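Take a look at the structure set out below.
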Amino acid sequence: MLTVTDLEAGYGSIKVLRGIGFTVPAGKVVALLGGNGAGKTTTMKTIAGIVAATAGQVEFDGRRIEREPSHRIFARGLALVPQGRELFPEMTVIENLELGGLARRSTTEIAAGIAGVFAQFPRLAERAHQRAATLSGGEQQMLATGRALMSRPKLLLLDEPTTGLGPLIVAELIRIVRELNRGGQTILLVEQNVRMALAVADYVYIIRTGEIVAESEAAKLSDRDEMFRSYLG
Amino acid sequence: MDIATLLVAGLANGSLYSLMALGLVLVYKTQDVINFAHGEVLATGAFLGYTLYKVVGLPYPIAFVVAILLGGLLGGLIERIAFRPIAHHPHITLAMVTVGLSFALKGALRIPYGRDIYVFPPLMGHTPIMVGATAISPQSIVTIVVALMLAGALFAFFAYTTMGKQMRATQQNITGAALVGINTGRIFSFTWALSCLIGAAAGVLAGPLSLLYPDMGTNYLLKGFAAAVLGGLESVPGAMVAGLIVGVIEMLFGGLISTAFQEVSAFFIIIIVLMFRPHGLFGQKPVHRV
Ligand SMILES: Nc1ncnc2c1ncn2[C@@H]1O[C@H](COP(=O)(O)OP(=O)(O)OP(=O)(O)O)[C@@H](O)[C@H]1O
Ligand SMILES: [Mg+2]
(Lines give C-alpha, C1' and ligand atoms only; values in the text may rest on other atoms or scores of the structure.)
(Ligands and ions follow the chains in the order given, each with its own letter.)
Protein backbone atom coordinates (compact mmCIF):
# COMPACT_ATOMS: atom_id res chain seq x y z
CA MET A 1 0.00 0.00 0.00
CA LEU A 2 2.74 2.46 1.04
CA THR A 3 6.45 2.18 0.32
CA VAL A 4 8.81 4.89 1.51
CA THR A 5 12.36 4.81 0.14
CA ASP A 6 15.38 6.94 1.14
CA LEU A 7 13.08 9.81 2.07
CA GLU A 8 14.71 13.10 3.04
CA ALA A 9 12.99 16.25 4.26
CA GLY A 10 13.44 19.15 6.65
CA TYR A 11 12.62 22.76 7.43
CA GLY A 12 14.63 25.33 5.52
CA SER A 13 18.29 24.47 5.99
CA ILE A 14 17.55 22.03 8.85
CA LYS A 15 17.59 18.47 7.60
CA VAL A 16 15.35 16.22 9.72
CA LEU A 17 14.80 13.02 7.70
CA ARG A 18 18.05 11.40 6.52
CA GLY A 19 16.88 8.65 4.23
CA ILE A 20 13.88 6.96 5.84
CA GLY A 21 12.58 3.70 4.39
CA PHE A 22 9.73 1.41 5.41
CA THR A 23 6.61 -0.27 4.01
CA VAL A 24 3.00 -0.54 5.08
CA PRO A 25 1.29 -3.59 3.53
CA ALA A 26 -2.45 -3.44 2.78
CA GLY A 27 -4.67 -4.47 5.69
CA LYS A 28 -1.90 -4.13 8.29
CA VAL A 29 -1.17 -1.78 11.16
CA VAL A 30 2.42 -0.55 11.11
CA ALA A 31 3.83 1.49 13.98
CA LEU A 32 6.65 4.00 13.85
CA LEU A 33 8.18 4.39 17.32
CA GLY A 34 10.68 6.98 18.43
CA GLY A 35 11.55 9.56 21.07
CA ASN A 36 10.95 13.30 21.04
CA GLY A 37 12.25 15.05 17.96
CA ALA A 38 13.12 11.79 16.18
CA GLY A 39 11.33 12.96 13.04
CA LYS A 40 8.07 11.00 13.32
CA THR A 41 5.77 13.93 12.67
CA THR A 42 8.00 15.16 9.86
CA THR A 43 7.76 11.72 8.25
CA MET A 44 3.97 11.77 8.44
CA LYS A 45 3.71 15.33 7.12
CA THR A 46 6.06 14.60 4.26
CA ILE A 47 4.03 11.56 3.23
CA ALA A 48 0.82 13.64 3.39
CA GLY A 49 2.39 16.44 1.30
CA ILE A 50 2.38 19.12 4.02
CA VAL A 51 6.19 19.17 4.18
CA ALA A 52 8.13 18.92 0.90
CA ALA A 53 10.39 15.91 0.32
CA THR A 54 13.92 16.94 -0.69
CA ALA A 55 14.97 13.46 -1.86
CA GLY A 56 13.69 9.90 -2.00
CA GLN A 57 10.39 8.35 -2.96
CA VAL A 58 6.93 7.77 -1.55
CA GLU A 59 4.89 5.19 -3.43
CA PHE A 60 1.23 4.97 -2.50
CA ASP A 61 -1.20 2.55 -4.10
CA GLY A 62 1.17 2.04 -7.05
CA ARG A 63 1.90 5.73 -7.69
CA ARG A 64 4.72 8.10 -6.80
CA ILE A 65 3.26 10.88 -4.67
CA GLU A 66 6.26 12.68 -3.16
CA ARG A 67 5.88 15.65 -5.52
CA GLU A 68 2.12 15.94 -5.28
CA PRO A 69 0.28 18.64 -3.29
CA SER A 70 -1.56 17.57 -0.14
CA HIS A 71 -5.05 17.87 -1.60
CA ARG A 72 -4.21 15.51 -4.44
CA ILE A 73 -2.66 12.97 -2.07
CA PHE A 74 -5.81 13.18 0.03
CA ALA A 75 -7.92 12.62 -3.08
CA ARG A 76 -5.94 9.41 -3.77
CA GLY A 77 -7.12 8.07 -0.42
CA LEU A 78 -4.49 8.95 2.15
CA ALA A 79 -5.73 10.78 5.26
CA LEU A 80 -3.59 12.05 8.14
CA VAL A 81 -4.80 12.62 11.69
CA PRO A 82 -2.13 15.11 12.75
CA GLN A 83 -0.45 15.36 16.13
CA GLY A 84 -1.95 18.83 16.72
CA ARG A 85 -5.39 17.55 15.61
CA GLU A 86 -5.84 20.69 13.48
CA LEU A 87 -9.63 20.90 13.85
CA PHE A 88 -11.79 23.84 12.76
CA PRO A 89 -12.29 25.39 16.20
CA GLU A 90 -15.30 27.61 15.48
CA MET A 91 -17.22 24.88 13.68
CA THR A 92 -19.44 22.26 15.26
CA VAL A 93 -18.60 18.57 15.45
CA ILE A 94 -20.96 17.89 12.54
CA GLU A 95 -19.44 20.66 10.41
CA ASN A 96 -15.93 19.35 11.07
CA LEU A 97 -16.99 15.86 10.00
CA GLU A 98 -18.77 17.19 6.95
CA LEU A 99 -15.62 18.98 5.81
CA GLY A 100 -13.71 15.72 6.16
CA GLY A 101 -15.91 14.22 3.46
CA LEU A 102 -16.57 17.27 1.29
CA ALA A 103 -13.65 16.90 -1.10
CA ARG A 104 -14.19 13.20 -1.84
CA ARG A 105 -17.83 12.31 -1.18
CA SER A 106 -21.39 13.10 -2.28
CA THR A 107 -23.90 14.60 0.18
CA THR A 108 -25.65 11.27 0.78
CA GLU A 109 -22.32 9.56 1.38
CA ILE A 110 -21.43 12.34 3.84
CA ALA A 111 -24.65 11.84 5.81
CA ALA A 112 -23.99 8.09 5.96
CA GLY A 113 -20.39 8.76 6.93
CA ILE A 114 -21.41 11.00 9.85
CA ALA A 115 -23.81 8.30 11.08
CA GLY A 116 -20.95 5.79 10.84
CA VAL A 117 -18.57 8.01 12.83
CA PHE A 118 -21.24 8.58 15.49
CA ALA A 119 -21.74 4.83 15.79
CA GLN A 120 -17.99 4.43 16.24
CA PHE A 121 -17.65 7.36 18.67
CA PRO A 122 -20.89 7.76 20.66
CA ARG A 123 -19.28 10.61 22.63
CA LEU A 124 -19.16 12.69 19.44
CA ALA A 125 -22.86 12.10 18.80
CA GLU A 126 -23.62 13.65 22.18
CA ARG A 127 -21.54 16.69 21.22
CA ALA A 128 -22.81 16.91 17.63
CA HIS A 129 -23.70 20.61 17.79
CA GLN A 130 -20.90 21.80 20.04
CA ARG A 131 -18.01 23.81 18.65
CA ALA A 132 -14.79 21.82 18.31
CA ALA A 133 -12.94 24.31 20.54
CA THR A 134 -15.15 23.30 23.49
CA LEU A 135 -14.33 19.57 23.35
CA SER A 136 -12.00 17.77 25.74
CA GLY A 137 -8.65 16.48 24.48
CA GLY A 138 -9.95 12.94 24.06
CA GLU A 139 -13.03 14.13 22.21
CA GLN A 140 -10.89 16.29 19.93
CA GLN A 141 -8.75 13.26 19.10
CA MET A 142 -11.90 11.29 18.30
CA LEU A 143 -13.18 14.13 16.13
CA ALA A 144 -9.88 14.42 14.25
CA THR A 145 -9.95 10.65 13.66
CA GLY A 146 -13.60 10.72 12.62
CA ARG A 147 -12.94 13.62 10.27
CA ALA A 148 -10.17 11.66 8.55
CA LEU A 149 -12.37 8.56 8.30
CA MET A 150 -15.10 10.59 6.57
CA SER A 151 -13.15 10.33 3.31
CA ARG A 152 -13.00 6.51 3.69
CA PRO A 153 -9.24 6.55 3.15
CA LYS A 154 -7.31 3.56 1.86
CA LEU A 155 -4.55 4.44 4.30
CA LEU A 156 -5.05 6.16 7.64
CA LEU A 157 -2.08 7.94 9.25
CA LEU A 158 -2.33 8.48 13.01
CA ASP A 159 0.27 10.76 14.60
CA GLU A 160 0.53 10.14 18.37
CA PRO A 161 -3.20 9.78 19.02
CA THR A 162 -2.63 9.12 22.72
CA THR A 163 -0.54 12.22 23.58
CA GLY A 164 -1.85 13.86 26.72
CA LEU A 165 -4.80 11.50 27.13
CA GLY A 166 -5.77 9.48 30.21
CA PRO A 167 -5.61 5.66 30.40
CA LEU A 168 -9.36 5.21 29.84
CA ILE A 169 -9.31 7.14 26.60
CA VAL A 170 -6.12 5.37 25.49
CA ALA A 171 -7.89 2.03 26.05
CA GLU A 172 -10.80 3.29 24.00
CA LEU A 173 -8.48 4.40 21.17
CA ILE A 174 -6.81 0.97 21.19
CA ARG A 175 -10.24 -0.64 20.84
CA ILE A 176 -11.12 1.69 17.96
CA VAL A 177 -7.88 1.14 16.05
CA ARG A 178 -8.30 -2.63 16.37
CA GLU A 179 -11.90 -2.41 15.25
CA LEU A 180 -10.98 -0.28 12.22
CA ASN A 181 -8.24 -2.71 11.27
CA ARG A 182 -10.58 -5.71 11.60
CA GLY A 183 -12.81 -3.85 9.12
CA GLY A 184 -9.87 -3.88 6.67
CA GLN A 185 -8.43 -0.41 7.36
CA THR A 186 -4.70 -0.09 6.68
CA ILE A 187 -3.05 2.10 9.33
CA LEU A 188 0.32 3.77 9.85
CA LEU A 189 0.62 4.74 13.50
CA VAL A 190 3.20 7.00 15.13
CA GLU A 191 3.63 6.59 18.88
CA GLN A 192 5.80 7.19 21.90
CA ASN A 193 3.40 5.07 23.91
CA VAL A 194 4.96 1.62 23.41
CA ARG A 195 2.03 -0.12 25.08
CA MET A 196 -0.43 1.35 22.64
CA ALA A 197 1.77 0.57 19.64
CA LEU A 198 2.40 -3.04 20.61
CA ALA A 199 -1.28 -3.53 21.42
CA VAL A 200 -2.39 -2.73 17.89
CA ALA A 201 0.55 -3.04 15.46
CA ASP A 202 1.53 -5.96 13.27
CA TYR A 203 4.95 -4.56 12.52
CA VAL A 204 7.13 -1.95 14.22
CA TYR A 205 9.88 0.37 12.98
CA ILE A 206 12.07 2.41 15.29
CA ILE A 207 13.12 5.86 14.15
CA ARG A 208 15.94 7.86 15.66
CA THR A 209 17.31 11.24 14.47
CA GLY A 210 15.70 10.83 11.10
CA GLU A 211 16.74 7.24 10.40
CA ILE A 212 15.18 3.81 10.85
CA VAL A 213 17.44 2.01 13.34
CA ALA A 214 15.48 -1.19 14.00
CA GLU A 215 12.41 -3.08 12.85
CA SER A 216 10.55 -6.15 14.00
CA GLU A 217 7.28 -8.00 14.02
CA ALA A 218 5.30 -6.61 16.94
CA ALA A 219 4.52 -10.08 18.28
CA LYS A 220 8.25 -10.68 18.90
CA LEU A 221 8.62 -7.62 21.08
CA SER A 222 7.68 -6.85 24.63
CA ASP A 223 7.62 -3.38 26.11
CA ARG A 224 10.06 -4.59 28.77
CA ASP A 225 12.60 -5.58 26.13
CA GLU A 226 15.82 -3.76 27.12
CA MET A 227 17.36 -3.66 23.65
CA PHE A 228 14.19 -2.22 22.24
CA ARG A 229 13.74 0.36 25.02
CA SER A 230 17.28 1.64 24.59
CA TYR A 231 16.54 2.58 20.97
CA LEU A 232 13.70 4.86 22.02
CA GLY A 233 16.07 6.99 24.08
CA MET B 1 -31.30 69.41 8.36
CA ASP B 2 -33.86 66.65 8.75
CA ILE B 3 -32.49 63.76 10.81
CA ALA B 4 -34.13 61.10 8.67
CA THR B 5 -32.50 62.61 5.58
CA LEU B 6 -29.14 62.48 7.31
CA LEU B 7 -29.77 58.91 8.43
CA VAL B 8 -30.54 57.66 4.94
CA ALA B 9 -27.53 59.44 3.48
CA GLY B 10 -25.40 58.03 6.31
CA LEU B 11 -26.66 54.51 5.67
CA ALA B 12 -25.88 54.86 1.97
CA ASN B 13 -22.30 55.94 2.60
CA GLY B 14 -22.11 53.43 5.41
CA SER B 15 -23.15 50.54 3.22
CA LEU B 16 -20.20 51.37 0.97
CA TYR B 17 -17.90 51.35 4.01
CA SER B 18 -19.46 48.00 4.94
CA LEU B 19 -18.63 46.55 1.54
CA MET B 20 -15.07 47.89 1.80
CA ALA B 21 -14.73 46.45 5.30
CA LEU B 22 -16.07 43.07 4.10
CA GLY B 23 -13.43 42.89 1.39
CA LEU B 24 -10.65 43.74 3.83
CA VAL B 25 -11.92 41.27 6.44
CA LEU B 26 -12.15 38.40 3.94
CA VAL B 27 -8.50 38.70 2.94
CA TYR B 28 -7.40 39.34 6.52
CA LYS B 29 -9.19 36.26 7.85
CA THR B 30 -7.55 34.03 5.26
CA GLN B 31 -4.06 35.46 4.96
CA ASP B 32 -3.63 37.79 7.97
CA VAL B 33 -2.87 40.65 5.61
CA ILE B 34 -4.51 44.06 5.25
CA ASN B 35 -4.87 44.82 1.55
CA PHE B 36 -3.77 48.45 1.28
CA ALA B 37 -4.63 48.38 -2.42
CA HIS B 38 -8.31 47.85 -1.69
CA GLY B 39 -9.09 51.55 -2.26
CA GLU B 40 -7.70 51.21 -5.79
CA VAL B 41 -9.85 48.12 -6.28
CA LEU B 42 -12.83 50.35 -5.53
CA ALA B 43 -11.55 52.99 -7.96
CA THR B 44 -11.02 50.35 -10.64
CA GLY B 45 -14.58 49.14 -10.11
CA ALA B 46 -15.89 52.69 -10.39
CA PHE B 47 -14.03 53.34 -13.64
CA LEU B 48 -15.03 49.97 -15.08
CA GLY B 49 -18.68 50.72 -14.25
CA TYR B 50 -18.39 54.21 -15.73
CA THR B 51 -16.77 52.96 -18.91
CA LEU B 52 -19.23 50.13 -19.48
CA TYR B 53 -22.28 52.24 -18.66
CA LYS B 54 -21.40 55.68 -20.03
CA VAL B 55 -18.87 54.94 -22.76
CA VAL B 56 -19.90 51.49 -24.02
CA GLY B 57 -23.55 52.20 -23.27
CA LEU B 58 -24.54 48.91 -21.64
CA PRO B 59 -27.73 48.89 -19.54
CA TYR B 60 -26.88 49.67 -15.91
CA PRO B 61 -27.53 46.20 -14.40
CA ILE B 62 -25.38 44.55 -17.05
CA ALA B 63 -22.65 47.15 -16.68
CA PHE B 64 -22.75 46.56 -12.91
CA VAL B 65 -22.45 42.78 -13.18
CA VAL B 66 -19.70 42.87 -15.81
CA ALA B 67 -17.74 45.48 -13.83
CA ILE B 68 -17.81 43.48 -10.60
CA LEU B 69 -16.94 40.24 -12.38
CA LEU B 70 -13.94 41.98 -13.94
CA GLY B 71 -13.06 43.27 -10.46
CA GLY B 72 -13.20 39.69 -9.17
CA LEU B 73 -11.01 38.51 -12.03
CA LEU B 74 -8.50 41.25 -11.16
CA GLY B 75 -8.45 39.99 -7.55
CA GLY B 76 -7.86 36.39 -8.59
CA LEU B 77 -5.03 37.47 -10.88
CA ILE B 78 -3.45 39.62 -8.16
CA GLU B 79 -3.35 36.63 -5.81
CA ARG B 80 -2.05 34.25 -8.43
CA ILE B 81 0.63 36.53 -9.86
CA ALA B 82 1.68 38.79 -6.99
CA PHE B 83 0.97 36.77 -3.84
CA ARG B 84 1.15 33.03 -4.47
CA PRO B 85 4.90 33.06 -5.16
CA ILE B 86 5.60 34.92 -1.88
CA ALA B 87 2.78 33.54 0.30
CA HIS B 88 5.26 32.04 2.78
CA HIS B 89 6.99 35.38 3.42
CA PRO B 90 6.30 37.38 6.63
CA HIS B 91 3.00 39.25 6.75
CA ILE B 92 4.77 42.60 6.76
CA THR B 93 6.30 41.77 3.36
CA LEU B 94 2.89 40.88 1.98
CA ALA B 95 1.42 44.11 3.38
CA MET B 96 4.19 46.11 1.69
CA VAL B 97 3.39 44.37 -1.58
CA THR B 98 -0.20 45.56 -1.29
CA VAL B 99 1.08 49.11 -0.78
CA GLY B 100 3.11 48.77 -3.96
CA LEU B 101 0.09 47.35 -5.71
CA SER B 102 -1.90 50.39 -4.66
CA PHE B 103 0.51 52.68 -6.50
CA ALA B 104 0.64 50.34 -9.49
CA LEU B 105 -3.15 50.28 -9.86
CA LYS B 106 -3.40 54.07 -9.50
CA GLY B 107 -0.77 54.43 -12.19
CA ALA B 108 -2.59 52.00 -14.43
CA LEU B 109 -5.84 53.96 -14.03
CA ARG B 110 -4.07 57.20 -14.98
CA ILE B 111 -3.04 55.78 -18.33
CA PRO B 112 -6.51 55.79 -19.89
CA TYR B 113 -8.21 58.30 -17.59
CA GLY B 114 -5.47 60.85 -16.95
CA ARG B 115 -5.85 63.25 -14.05
CA ASP B 116 -9.35 64.37 -14.99
CA ILE B 117 -12.38 64.08 -12.77
CA TYR B 118 -15.35 62.16 -14.16
CA VAL B 119 -18.99 62.32 -13.14
CA PHE B 120 -21.09 59.17 -12.92
CA PRO B 121 -24.71 60.27 -13.25
CA PRO B 122 -27.16 58.93 -10.67
CA LEU B 123 -29.32 56.10 -11.97
CA MET B 124 -32.67 57.67 -11.28
CA GLY B 125 -31.95 61.34 -11.65
CA HIS B 126 -31.24 63.99 -9.07
CA THR B 127 -34.77 64.67 -7.85
CA PRO B 128 -35.14 63.57 -4.24
CA ILE B 129 -38.11 61.54 -3.15
CA MET B 130 -40.05 63.45 -0.48
CA VAL B 131 -41.46 61.47 2.41
CA GLY B 132 -43.11 64.17 4.53
CA ALA B 133 -40.31 66.63 5.30
CA THR B 134 -37.66 64.02 4.57
CA ALA B 135 -35.77 64.26 1.30
CA ILE B 136 -34.35 60.94 0.20
CA SER B 137 -32.03 60.62 -2.77
CA PRO B 138 -33.00 57.70 -5.00
CA GLN B 139 -29.32 56.87 -5.43
CA SER B 140 -29.03 56.32 -1.67
CA ILE B 141 -31.83 53.77 -1.83
CA VAL B 142 -30.18 51.97 -4.76
CA THR B 143 -26.88 51.88 -2.88
CA ILE B 144 -28.37 50.54 0.34
CA VAL B 145 -30.51 47.90 -1.38
CA VAL B 146 -27.72 46.61 -3.63
CA ALA B 147 -25.25 46.51 -0.73
CA LEU B 148 -27.69 44.57 1.44
CA MET B 149 -28.38 42.13 -1.40
CA LEU B 150 -24.65 41.55 -1.83
CA ALA B 151 -24.18 41.00 1.89
CA GLY B 152 -27.12 38.55 1.97
CA ALA B 153 -25.69 36.64 -0.99
CA LEU B 154 -22.35 36.47 0.80
CA PHE B 155 -23.87 35.06 3.99
CA ALA B 156 -25.75 32.42 1.99
CA PHE B 157 -22.57 31.59 0.09
CA PHE B 158 -20.61 30.96 3.31
CA ALA B 159 -23.43 29.03 4.95
CA TYR B 160 -24.55 26.73 2.18
CA THR B 161 -22.02 26.23 -0.61
CA THR B 162 -19.13 23.76 -0.60
CA MET B 163 -16.71 26.53 -1.60
CA GLY B 164 -18.04 28.79 1.17
CA LYS B 165 -17.60 26.09 3.81
CA GLN B 166 -14.11 25.29 2.55
CA MET B 167 -13.23 29.00 2.70
CA ARG B 168 -14.38 29.22 6.33
CA ALA B 169 -12.42 26.07 7.15
CA THR B 170 -9.28 27.56 5.57
CA GLN B 171 -9.76 30.77 7.55
CA GLN B 172 -9.88 28.79 10.80
CA ASN B 173 -7.04 26.35 10.16
CA ILE B 174 -4.96 26.21 6.98
CA THR B 175 -3.20 22.96 7.89
CA GLY B 176 -6.51 21.38 8.83
CA ALA B 177 -7.93 22.52 5.50
CA ALA B 178 -5.04 20.99 3.55
CA LEU B 179 -5.56 17.73 5.48
CA VAL B 180 -9.21 17.43 4.42
CA GLY B 181 -8.25 17.75 0.79
CA ILE B 182 -8.92 21.45 0.28
CA ASN B 183 -6.76 23.06 -2.39
CA THR B 184 -5.75 26.01 -0.25
CA GLY B 185 -4.08 27.85 -3.14
CA ARG B 186 -7.38 27.86 -4.97
CA ILE B 187 -9.10 29.12 -1.83
CA PHE B 188 -6.63 32.03 -1.62
CA SER B 189 -7.30 32.99 -5.25
CA PHE B 190 -11.01 32.74 -4.72
CA THR B 191 -10.85 34.81 -1.53
CA TRP B 192 -9.04 37.61 -3.35
CA ALA B 193 -11.50 37.36 -6.22
CA LEU B 194 -14.47 37.61 -3.88
CA SER B 195 -12.90 40.45 -1.89
CA CYS B 196 -12.16 42.46 -5.04
CA LEU B 197 -15.56 41.67 -6.55
CA ILE B 198 -17.18 43.26 -3.50
CA GLY B 199 -14.69 46.16 -3.60
CA ALA B 200 -15.50 46.76 -7.27
CA ALA B 201 -19.22 46.69 -6.44
CA ALA B 202 -18.60 49.38 -3.82
CA GLY B 203 -16.81 51.34 -6.55
CA VAL B 204 -19.66 51.16 -9.07
CA LEU B 205 -22.10 52.19 -6.34
CA ALA B 206 -19.78 54.95 -5.09
CA GLY B 207 -19.56 56.47 -8.58
CA PRO B 208 -22.68 58.67 -8.38
CA LEU B 209 -22.09 59.58 -4.70
CA SER B 210 -18.49 60.62 -5.20
CA LEU B 211 -16.52 61.86 -8.15
CA LEU B 212 -14.35 59.57 -10.22
CA TYR B 213 -10.58 60.02 -10.13
CA PRO B 214 -7.79 57.48 -9.68
CA ASP B 215 -7.22 58.52 -6.05
CA MET B 216 -10.89 58.30 -5.08
CA GLY B 217 -10.37 55.06 -3.13
CA THR B 218 -8.18 56.45 -0.35
CA ASN B 219 -11.05 57.87 1.69
CA TYR B 220 -13.11 54.69 1.29
CA LEU B 221 -10.15 52.54 2.27
CA LEU B 222 -9.69 54.55 5.48
CA LYS B 223 -13.36 54.39 6.42
CA GLY B 224 -13.63 50.75 5.43
CA PHE B 225 -10.56 49.93 7.48
CA ALA B 226 -12.00 51.83 10.46
CA ALA B 227 -15.21 49.84 10.10
CA ALA B 228 -13.30 46.56 9.84
CA VAL B 229 -11.42 47.36 13.06
CA LEU B 230 -14.60 48.45 14.81
CA GLY B 231 -16.27 45.21 13.73
CA GLY B 232 -13.46 43.12 15.16
CA LEU B 233 -11.35 42.64 11.98
CA GLU B 234 -12.30 38.96 11.73
CA SER B 235 -16.07 39.26 11.78
CA VAL B 236 -18.16 39.39 8.59
CA PRO B 237 -21.36 40.55 10.34
CA GLY B 238 -19.17 42.91 12.40
CA ALA B 239 -17.83 44.53 9.22
CA MET B 240 -21.34 44.98 7.86
CA VAL B 241 -22.77 46.59 10.99
CA ALA B 242 -19.69 48.69 11.78
CA GLY B 243 -19.64 50.16 8.24
CA LEU B 244 -23.21 51.38 8.67
CA ILE B 245 -22.34 52.81 12.10
CA VAL B 246 -19.36 54.74 10.70
CA GLY B 247 -21.47 56.11 7.84
CA VAL B 248 -24.30 57.24 10.12
CA ILE B 249 -22.06 58.78 12.80
CA GLU B 250 -20.19 60.75 10.19
CA MET B 251 -23.35 62.09 8.58
CA LEU B 252 -25.07 62.97 11.87
CA PHE B 253 -21.93 64.64 13.19
CA GLY B 254 -21.51 66.65 10.01
CA GLY B 255 -25.17 67.59 9.79
CA LEU B 256 -25.92 68.36 13.42
CA ILE B 257 -22.63 69.39 15.02
CA SER B 258 -19.92 70.55 12.70
CA THR B 259 -18.80 69.79 9.21
CA ALA B 260 -15.25 70.70 10.15
CA PHE B 261 -14.80 67.45 12.07
CA GLN B 262 -17.14 65.30 10.00
CA GLU B 263 -14.33 63.38 8.35
CA VAL B 264 -12.65 62.43 11.61
CA SER B 265 -15.73 62.05 13.83
CA ALA B 266 -16.05 58.33 13.16
CA PHE B 267 -12.45 57.79 14.17
CA PHE B 268 -13.06 59.46 17.54
CA ILE B 269 -15.97 57.15 18.23
CA ILE B 270 -13.93 54.13 17.18
CA ILE B 271 -11.06 55.03 19.46
CA ILE B 272 -13.51 55.34 22.35
CA VAL B 273 -15.15 51.99 21.54
CA LEU B 274 -11.78 50.25 21.26
CA MET B 275 -10.75 51.57 24.67
CA PHE B 276 -13.62 49.61 26.18
CA ARG B 277 -13.75 46.72 23.73
CA PRO B 278 -10.23 46.20 22.36
CA HIS B 279 -11.40 43.33 20.15
CA GLY B 280 -14.06 45.44 18.46
CA LEU B 281 -17.81 45.20 18.64
CA PHE B 282 -18.05 41.69 17.22
CA GLY B 283 -14.51 40.43 17.71
CA GLN B 284 -13.72 37.65 20.12
CA LYS B 285 -10.88 37.67 22.54
CA PRO B 286 -8.22 35.53 20.89
CA VAL B 287 -9.46 32.12 22.02
CA HIS B 288 -7.13 29.31 22.83
CA ARG B 289 -7.05 27.60 19.45
CA VAL B 290 -7.31 23.84 19.29
N1 LIG C 1 8.27 23.68 11.70
C2 LIG C 1 9.53 23.35 12.08
N3 LIG C 1 10.56 24.18 11.82
C4 LIG C 1 11.82 23.86 12.18
N5 LIG C 1 12.16 22.73 12.79
C6 LIG C 1 11.19 21.86 13.08
C7 LIG C 1 9.83 22.11 12.73
N8 LIG C 1 9.08 21.07 13.16
C9 LIG C 1 9.93 20.20 13.71
N10 LIG C 1 11.20 20.65 13.67
C11 LIG C 1 12.39 19.96 14.17
O12 LIG C 1 12.50 18.74 13.48
C13 LIG C 1 12.90 17.69 14.36
C14 LIG C 1 11.92 16.54 14.27
O15 LIG C 1 10.64 17.00 14.67
P16 LIG C 1 9.36 16.08 14.60
O17 LIG C 1 8.21 16.93 14.99
O18 LIG C 1 9.29 15.39 13.30
O19 LIG C 1 9.66 15.04 15.76
P20 LIG C 1 8.72 13.95 16.42
O21 LIG C 1 9.45 12.65 16.32
O22 LIG C 1 7.37 14.00 15.85
O23 LIG C 1 8.72 14.42 17.93
P24 LIG C 1 7.54 14.37 19.02
O25 LIG C 1 7.53 13.02 19.60
O26 LIG C 1 7.95 15.40 20.04
O27 LIG C 1 6.27 14.73 18.34
C28 LIG C 1 12.98 18.31 15.74
O29 LIG C 1 14.34 18.56 16.02
C30 LIG C 1 12.23 19.59 15.63
O31 LIG C 1 12.78 20.58 16.46
MG1 LIG D 1 5.56 14.44 16.59
Side-chain angles (χ1 to χ4, degrees), chain A residues 11-12 41 44-45 48-52 68-91 94-107 110 131-137 139-141 143-144 146-151 153 157 159, chain B residues 25-26 28-30 32 80 84-90 155-191 231-238 279-280 282-290:
Chain A
Y11 306 92
T41 296
M44 296 294 242
K45 286 188 169 168
I50 305 278
V51 169
E68 293 197 343
S70 54
H71 59 93
R72 196 154 309 139
I73 294 174
F74 178 88
R76 295 199 186 287
L78 187 152
L80 165 63
V81 181
Q83 190 168 8
R85 284 141 199 175
E86 311 288 357
L87 297 170
F88 306 117
E90 303 304 318
M91 293 192 186
I94 290 200
E95 288 176 305
N96 269 274
L97 291 176
E98 194 192 353
L99 275 155
L102 221 45
R104 249 168 76 90
R105 300 283 159 207
S106 71
T107 10
I110 287 175
R131 288 185 309 127
T134 66
L135 300 181
S136 73
E139 289 161 354
Q140 289 188 7
Q141 186 60 49
L143 180 54
R147 186 181 69 178
L149 289 172
M150 283 295 296
S151 63
L157 270 52
D159 193 349
Chain B
V25 164
L26 281 181
Y28 183 79
K29 272 171 85 88
T30 327
D32 283 343
R80 196 69 192 86
R84 190 79 63 85
I86 56 162
H88 54 283
H89 284 251
F155 284 119
F157 169 77
F158 279 124
Y160 301 116
T161 66
T162 296
M163 180 59 124
K165 289 172 190 171
Q166 294 188 331
M167 281 172 76
R168 278 194 293 140
T170 309
Q171 290 160 4
Q172 293 180 24
N173 189 334
I174 291 181
T175 308
L179 289 176
V180 296
I182 296 172
N183 180 346
T184 50
R186 215 175 103 220
I187 297 287
F188 289 160
S189 283
F190 201 83
T191 298
L233 211 49
E234 301 233 19
S235 165
V236 170
H279 304 288
F282 287 67
Q284 295 167 338
K285 290 212 172 86
V287 280
H288 181 71
R289 296 259 157 133
V290 248

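First the proteins, then the strands, lettered A, B, ... as listed; each starts at 1. Note that the structure is a prediction, hence the values are computed from the model and not measured.
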Under 4.5 Å, counting heavy-atom pairs only, tell me which of A:Ile73, A:Asn96, A:Leu80 racks up the most with chain B. A:Leu80
Side chain A:Gln140, main chain A:Leu135, donor-acceptor under 3.5 Å: yes
In short, salt bridge (charged side-chain N to carboxylate O under 4.0 Å, His left out) pairs touching residues 71-84 of chain A with sequence neighbours left out are A:Glu68-A:Arg76
Working to the nearest 0.5 Å, report the span between CG of B:Leu179 and CZ of A:Arg147. 6.5 Å
Is the side chain of A:Ser151 donor-acceptor paired with the backbone N or O of A:Ala148 at a distance under 3.5 Å, no angle test? yes
Under 4.5 Å heavy-atom distance to chain B, tell me which part of A:Leu99 shows up: side chain, backbone, both or neither. both
Highest number of heavy-atom pairs under 4.5 Å with chain A: which of B:Ala177, B:Ala169, B:Gly185? B:Ala169
